[in-house]
Student: 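Below you'll find the structure I mean.
Just so it is clear, the values below take in all heavy atoms, side chains as well, and ignore hydrogens, waters and symmetry mates. Order of the sequence lines fixes the chain letters, A, B, ..., with proteins taken first and strands second; residue numbering starts at 1 for each chain.
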Amino acid sequence: MAQSRPLGKRIVLIVEDEPLLRMMAVDLVEDAGFVAVEASNADEAVRILEMRSDIRIVFTDIDMPGSIDGMMLAAAVRDRWPPIEIIITSGHRRMTDLDLPARSVFFAKPYDTAKVTATLHQMASH
Amino acid sequence: MQKSARYTGRHGSALTPFKIEIALFPLLEEPEAVHQKRLEALEAYDILDTPQEPEFDDIVLVATALCKTPVALVSLVELGRQWFKARIGFEACETPIGQSVCAHALGRQDTLIIPDLTTDPRTRDNTLVTENPHIRFYAGAPLITPGGVVIGTLCVIDTEIRPAGLDDAQRKALEALARQVILLLEARRMSRRKDELFRRQKNIASTIRTSAIKTVAAQEAGRIGTYEIDIATGNVKVSAEACRIFGLPHADSYPAATIEAMIVAEDQGRQSNSESRRTGDAETDVEYRIGTPDRGIRWISRHATFERDADGKPLRMLGTVQDITAQKRSIARSAALLDLGDRLRDLEDIEAMALVASDLMAKALDASRAGFGIVDLPSESVMIQPEWCAPGVDSLVGLHHFRSYGSFIDDLKEGATVVVTDVLTDARTAKNAKALTDLGVRVLVNLPIFDHGKFSLVVFVHHSTPYAWSDEELSFVRSVGNRIQSALTRLQAETDQDLLNQEIGHRLKNTFAMVQAIASQTLRPVAERDHVLNFEKRLQALSRAHDTLLAQNWMGADVSALVTGSIETLGLADRFDISGPVFSFGPRSSLSLSLLVHELTTNALKYGALSNPTGRVAIDWSIEGQGDNATFRFRWSEQGGPPAQQPQTKGFGSRLINMGLSGTGDVVASYQHSGYRVEMTAIVFQLQHAK
């Protein structure tokens, strides 16, 4: 189910508690030609997702303070907003230890910005 | 000085430094017998120079409040001094007898009241009156023992003259408090005597017990029985001692079959039988275990000789039997402890440890059943795991509730080893004895094992028949418990170290991510994005190498894992041919190798074999030589790409490559028409031990 959205306004929700890393992610997303929306934890991300329907991709860290972590956020997104694409990143976890939701991509931190950029483009082209 | 004046014995009163001083005071006017009695009374209370006690402190506090004085003392008058068991408003804990006002109260049964000390002939020259603290008023109620001896006073003191002294109520109250002091002293003496008696009784009991055990052991060790088997009839003549050794009622003879049947299943066949006796082939010296009705399993050493007829045909087998259980078990215990040490060292989980311990205890203690269970503390239950059982003994595998078998779980929770020598008589199990005997448990040993401070496993040993425990055996059981506990502590320390390593690893990864973020922010204005990208990639290579090391607990990493880790993120793994023996690098060399492979791969992608769709890279390594001179050789050869050309400038990448594996060079690079090749060597010892 494709969401109707204005052309040229592709929005990525960045969820990251560490400000420096969030800043870098914002740069990366904007350099890739997207609009970045920021949340500093998963609870805030859910509130944003509940309020607006134009988010195309969620780009989230895993270990964050709050009532739910990035993995639970990803599961909630897959469940409640199925069209949204998901990118998960973590410095602590390895991909082999994780139970990733469908249509999600994992990057270990520090991530390869070129690869993340390519993944964003690929997801947006669906 | 005062201390040296202390009364030191019943008859040592004459020679003290205070003799002359004493002579100046009325105190000495009391008859020798009276002050002797006082000293004896004080000695009996054993109170002098003891620490402050709140009960006495309370009394002086009440006295000051009652009599409205700043000072109150419980003063005990010794030979050369007065010593205060409790005091309020007075600094010194004792004074020489010359300064004592109380001494004047000793001869009387009523309260001594001196309204103005400066005018009373007994006290006007007292230095406490003429000098600091200038005391003026004194009232002292005598402390009279039940035997009628005055040992001192409860006194109140003021620095103001009190012409009116104490009123009647105050005086009576002071006297009542003085009686309380005596009651406290009496109570104190009684409880000390009880403690002492109790201690003595315990000592006596333990002495008796030790000597009884020793005697029994000595008797058993020395016991030698004799026997004589008539081979034709199979009848055994036995000495009284032999009967005792076999635990049989006293009789002159038994059928051989009766005795043969006592031998435990595992040892059947060691003893002689009618056939081997008839042929004379029976072993002359054997050891076997028998099951006795009262003393459990016993070890028997049996020696035999044959009496033969003129033709050499055996007529009688005769010889000695000896109970060697003590020696046998002592050897088994030593062996078990040695074995336990060896086996615990290699074990990595608590359950395997418990299993080994129960196995060894079963052997060393001739148990009928031994094993361990996993404890669930909230429900006070234990899930018994498959255990060792003697032949014919039923397994207890499954869930059991501690309380069904008695109250000994209370001791286990405290960490105490529980040894119930007879479930019928031990207070902890007597009420539930039937539940235990129904399971064939007459003797019970439970060893609690604590994991991270929580009672989580219990090792058990059961005997189906009463078992005579020696002190050595009890200490053996405890020793096994201690060994398991210390092995477990070691294991926990290792686990904690692992966790710490993981944590450090995670922090390091986060730091790498932060470095990347800072660099990407800082380098945003840099126009040559390639440099920024190269930095990022190198950082990732380093981070991956740390990953590999982390997986190995920083002990170093396998070359093959490092090489594949470096190349597979590029998605070109199918264009590499990798071969080489299993070989482990130290942590530092692991990082170098990862960065090297990253640079070589990047170069191959840009200029070499990986820059077209078909070129390949071969990586292989080998170890040459042995011992200290062993060399590690690493080869990288590209083919199928464009002809290799020596680069014009030397960037970070090529400088890194030229430093080689251990940072000291030993790098041979060749730019051939077929492609780039490089060979690096390093001393194995350096690669493995550089930290």
Student: Counting heavy atoms not belonging to A:Asp99, are there more than 12 under 6.0 Å from its CG?
Tutor: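 Open.
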
Student: If I compare all heavy atoms of B:Ala513 with all of A:Met24, which pair ends up nearest, and what's the gap?
Tutor: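 Shortest heavy-atom separation between B:Ala513 and A:Met24 comes out as O-CE, 4.5 Å.
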
Student: Within a reach of under 6.0 Å around CD of B:Gln639, are more than 12 heavy atoms found that belong to other residues, nucleotides or ligands?
Tutor: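 No, the 6.0 Å shell around CD holds no more than 12 heavy atoms from other groups.
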
Student: Are more than 12 heavy atoms, taken from residues, nucleotides or ligands other than B:Tyr607, located less than 6.0 Å from that residue's OH atom?
Tutor: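 12 or below, so no.
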
Student: Taking atom CD as the centre, does A:Glu50 end up with more than 12 heavy-atom neighbours from other residues, nucleotides or ligands that are less than 6.0 angstrom away?
Tutor: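 Result for CD/A:Glu50: enclosed.
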
Student: Non-hydrogen atoms of chain B under 4.5 Å away: do they reach the side chain of A:Asp63, the backbone, both or neither?
Tutor: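 Answer is neither: A:Asp63 stays 4.5 Å or more from chain B.
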
Student: I need the A:Met23 CE to B:Ile518 CD1 distance, nearest 0.5 Å.
Tutor: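 The CE atom of A:Met23 sits 9.5 Å away from the CD1 atom of B:Ile518.
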
Student: Drop me the distance from B:Gln521's CD to A:Leu20's CG, to the nearest 0.5 angstrom.
Tutor: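 B:Gln521 atom CD to A:Leu20 atom CG measures 7.0 Å (nearest 0.5 Å).
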
Student: My understanding is that only one of B:Gln540, B:Lys537, B:Gln516 makes a side-chain contact (heavy atoms from CB on, under 4.5 Å) with A:Thr113; could you say which?
Tutor: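 Of B:Gln540, B:Lys537, B:Gln516, side-chain contact (heavy atoms from CB on, under 4.5 Å) with A:Thr113 is met by B:Gln516 alone.
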
Student: Checking A:Thr117 now: which residues fulfil side-chain contact (heavy atoms from CB on, under 4.5 Å) with it, not counting sequence neighbours?
Tutor: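 Here the qualifying residues are A:Leu28, A:Ala32, A:His121.
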
Student: For B:Glu536 and A:Asp112, indicate whether the former's side chain and the latter's backbone hold a donor-acceptor pair under 3.5 Å.
Tutor: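 Such a contact is absent between B:Glu536 side chain and A:Asp112 backbone.
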
